[in-house]
Amino acid sequence: MHDGSLGGVLRLIREGRALTRTDVMDVTGLSRSTVMQRLGVLLEAGLLVEQPEAGPSSGGRRPAALTFNERVGVVLAADLGAEHGRLAIYDLAGVVLAEGNAPLRIADGPDVVLEWVEQRFDELLVEAERAREDVLATAIGVPGPVEDGRPAKPPIMPGWDDYPVAERLSERFGAPALVERDVNAMALGEHRHHWPEIANLVFVKVATGIGAGIITGGELMRGNHGRAGDIGHIRASRESDELCTCGNRGCVAVLASGSAMVRQLHDAGIDVATTADVAALVRAGDPVATHHAREAGRVLGAALAAVVSVVAPSLIIVGGEMGDASEPVIAGIREGVYQQASTLATRHLRVLGTRFAERVGVVGVATLALEHVLDPANVDALLARRGIAA
Ligand SMILES: [Zn+2]
């Protein structure tokens, strides 16, 4: 028997498994009067639209066709990095209605940064010709661990620990707000859009810092306190006495991150200030930058070999400012992983760059928001917010 709840009926139509009233009755086994009541609510709420005589003919007059109204609302998505932010508005079909990106400093703290995010969202709503009342969910990705909608002891986000990010955004826009560690959202976005048939996948972000998002059995693995995938602080070298922001020495992050490469190139007498500078040099084929990028990839690959042994993924996707700019980083990762992990674990393993490039974070948080809004279990709440009783 099919789930005959309001959300269940909406999903049937949204996924194209039912087109007419008769289809809904056939698939759910619900009575005609119950189906009429459910569809009445969904039509009144604007979640469905009806086209007269557009359904398939079964001999007589053609029935009305029901379709999901993808324009009924929007979701707001923000991907915040250490030094930049990308924001976008999506309709419920996953189409971008407006998008923008700008430099920001996450270290300015939540009051400054979130005020900016809220203003940009309002501007994007104007640009997309939508109102605040149309917002059905907000999702925001941050470069650090998250627990219950709040950053949890994030190392590169001073002032953000335990700040009620989700509460603030949901109050401002009158809709549920989701907060996620950025690299988790990236893993989710890649999985849902490009690799839904793959059950186990690891997304590695190589930017100012390093982190991994892990999908096992098709779902995100967050771990205690949202700390799963924090591979930047795996000890990579016993010899290195390079001090990490976490207080330990020889961490992956201190040897292979964008900031590590900035330091290494600086020491080699090359004038670079940011991860973007390093990425640009590698892209331009600078031999010293290429050497360090490949070496960083090897260090990272050796750490990922341990992850591969535990998670047994069939795919590692590399992204982030350094990752998607840099074939040498990906080549180095392949080398490190294949050398250090068992041949059994790597027999069906591929290591690829992200297909979304620098948009992967915003695509990921939008995916999170859309899945939340369209989850059948949340449809009643959505209707209640619009003052419609289920
Ligand atoms: Zn560390």
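As the structure lists them, so they are numbered: ligands from 1, and atoms in each ligand from 1.
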Exercise. Going through the distances and angles, do Glu50 and Arg21 end up as a salt bridge (charged side-chain N to carboxylate O under 4.0 Å, His left out)?
Worked result: CA-CA 10 Å; Glu50 192 174 29; Arg21 288 178 165 73; 2.6 Å; yes

For this session: Quick one: name the protein N/O/S atoms under 2.8 Å from the Zn ion (ligand 1), chain by chain.
Result: His233 ND1, Cys244 SG, Cys246 SG, Cys251 SG

Exercise. Which pairs with one or both residues in residues 293-308 pass side chain to side chain donor-acceptor pair (under 3.5 Å), sequence neighbours excluded?
Worked result: Arg294-Glu335, Glu295-Arg298, Arg298-Glu335

For this session: Examine the side chains of Glu115 and Gln119 and answer whether a donor and an acceptor come within less than 3.5 Å of each other.
Result: yes

Exercise. Mind checking what makes side-chain hydrogen bond (donor to acceptor under 3.5 Å, both in side chains) contact with Glu118, not counting sequence neighbours?
Worked result: Arg168, Arg172

Problem set entry | Donor on one side chain, acceptor on other, Glu190 and Thr354, under 3.5 Å | yes

Seminar exercise, completed: Those residues at least two apart in sequence (or on a different chain) that pass side-chain contact (heavy atoms from CB on, under 4.5 Å) with Val262 are Val272, Val278

